[in-house]
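Here's the structure, in structure tokens; my notes come after.
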Amino acid sequence: MWRVAVSVFRESVRDKVLYNLVFFAILLIAASALIGQLSAGQEVKIIKDLGLAAMSVFGLFIAVFIGIGLVFKEVERRSIYSLLAKPITRTQFILGKYAGLVLTLAVNLGIMVAAFYAVLAWLDATTPAVLKRAWEAPALDPAMLTAVALAFVQLMVITAVALLFSTFSSPLLSAALTFGVFLAGHFSADLRNVEQVVQSPAITGVTRALYYLLPNLAAFDVKARVVHGDPVPWTEVGLAVGYGVLYIGALLTAAVWIFSRRDFK
Amino acid sequence: MQTAIETFDLTKDYRVGFWRPRPYRALDRLSLAVSPGEIFGFLGPNGAGKTTTLKLLMQLVHPTSGHATILGRPAGEVAVKRRIGFLPENPYFYDHLTAEELLVYFAGLFGERGAAARARAARLLDLVGIGGERRLQLRKYSKGMVQRVGLAQALVNDPEVVFLDEPMSGLDPLGRREVRTLVLSLRDEGRTVFFSSHILADAEALCSRVAVLAKGRLVASGRLDEMLAFRVQGREVVAEGVSDQALARLRPRARRAQPLGPGRYAFEFDEALAPEAIVGEVVAAGARLVSLNPVRESLEDFFVKQVAGAEGAPRAV
């Protein structure tokens, strides 16, 4: 399984798309430094906002665009024929693919975090102490790592969603569905609110089912609070991580279940 | 003695049609047994079910009914997969890897790593004749080279049973001959080779036993010499200096007379006519005898006959 994972990582490293994404993320962070200079006193907040948002968005693109092709490409190009004749089970194949993509994401996110903190450190060093008093949180606030970590868990959930779709549908449809789940997952709280507005039991039944079925991605989004220096309690982080792990477990179980029953015509 | 490969009423239905799926029988109750150490040819026209059978043996598709064993264990078991090699039809491997990396990766799946895996990769790539290009990414390979990589990866674990799906496809005449030699050397090393092909010359050159498949059904199986019986069906004579009178005399006795050039003809005579009598006829007509050969049923004739018979019958569902 680990070897399949390493091979996924190597494939994505050799995929130029990935370099572009990292490049753009870095570019965006650099651009945010320029914008920051235009608004005195607010720069650190803007950079944090932009930087954290950029990491999530680029991570999302990596997760979706690699995730949807992981299984599909192997089946479509028939490279899976020779691979599955080797002593690995289909379960190991799926878990290896997943682990490989998560590893890719972790490395990319790591690079982005390093670039992000470098920009912030540079800002911290060049800002006079007087101006720093207006900051809601220090530039090199370690709490931001909590936001990044939770964003990573969220990406792991999205990756599992993309992988699940990839086991039975085409990349285009998988991408659409995964983005759909991502958007719906962020607004899943609104699904709950539908019940208070709509009287029809049929509709509330559907929205309630969707609410429980879709991942509640808002639980992983603490970026705004971190940027403003609001505390994020550890119990909340722990619950979010636990929820993420359970959700990923369910998604991967479903992916393995579907994949194990498939015929490769 | 334990069989190397055995299938028991192996059947596969695919569902075809989107709105109203109907079953389509790709393979119909296939039962065959392959003994250890033999080269077994699995023959049939395109669409006969050869690839389906191999995929069932690799558990790439699940049987509708029946089952298969390899080395006495259920096909698809990880323990079985450790001891077999598989070359898929028109194989494709990861573009972004070099041939060496691919083999090291696959060797790794068998638990071999580091220098040992690299040495094995180098040895296998030399064996299939692409050692010089081992550091080239597979996207730069020609079809024939990919086919050779496919052969190398099928042997990466020193398998006891090797499954080759159309191993000659995409190869030039030289490559085909090399693959033949390779397959024979695999047998000499005591391995069992199961290969599918629609090219009969390959089977005639290699196999001890064959099975002929048409429309998903086994139409014949057994030893090649028993199946063909090498029955003489007639005699072909090539003669030179055939004058019009000679032609007029020989034509009514021959089954067929085909002009090959000025004064040069090929005649086919009935097998009832003895060779000596044929020679006498040709000489008496004043023509020069160039050659006389028995016409035997070739695997191709046999194949065409068997397959035509099966094609006439409706496919079972």
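So that the names make sense, note that chain A is the first sequence line, chain B the second, and so on, each numbered from 1. The structure presented is a predicted model; accordingly, all values stated were derived computationally and were not measured.
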Using only atom types and a distance under 3.5 Å, with no angle test, would you say the side chain of B:Lys81 pairs donor to acceptor with the backbone of A:Ile88? yes
B:Lys55 side chain to A:Tyr81 backbone, donor-acceptor under 3.5 Å: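 Side chain of B:Lys55 to backbone of A:Tyr81, a donor-acceptor pair under 3.5 Å: no, none is there.
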Measure A:Arg261 against the heavy atoms of chain B and call it side chain, backbone, both or neither at under 4.5 Å. backbone
Between A:Glu74 and chain B, which part of the residue has a heavy atom less than 4.5 Å away: side chain, backbone, both or neither? side chain
If you count heavy-atom pairs under 4.5 Å between each of A:Leu84, A:Thr89, A:Ile80 and chain B, which one has the most? A:Leu84
Which one wins on heavy-atom pair count under 4.5 Å against chain B: A:Ser79, A:Ser82, A:Ala85, A:Pro87?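 Ranked by heavy-atom pairs under 4.5 Å with chain B, first place is A:Pro87.
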Distance from [X] atom [atom1] to [Y] atom [atom2], nearest 0.5 Å?
X: A:Asp263; Y: B:Thr64; atom1: CG; atom2: OG1; result: 8.0 Å
X: B:Ile84; Y: A:Lys86; atom1: CD1; atom2: NZ; result: 8.5 Å
X: B:Gln59; Y: A:Ser260; atom1: CD; atom2: OG; result: 11.5 Å
X: B:Phe86; Y: A:Leu83; atom1: CZ; atom2: CG; result: 12.0 Å

What part of [X] is in contact with chain A, defined as an atom under 4.5 angstrom from a non-hydrogen atom: side chain, backbone, both or neither?
X: B:Glu77; result: neither
X: B:Val156; result: side chain
X: B:Asp95; result: side chain

Counting heavy-atom pairs closer than 4.5 Å to chain A, which one of B:Pro91, B:Gly85, B:Pro88, B:Gly111 comes out on top?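 Option with the top pair count is B:Pro88.
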Heavy-atom pairs under 4.5 Å with chain A are the metric here; pick the option from B:Thr52, B:Leu54, B:Asn90, B:Leu57 that has the most. B:Asn90
Donor-acceptor side-chain pairing of A:Arg77 and B:Tyr92 below 3.5 angstrom: yes
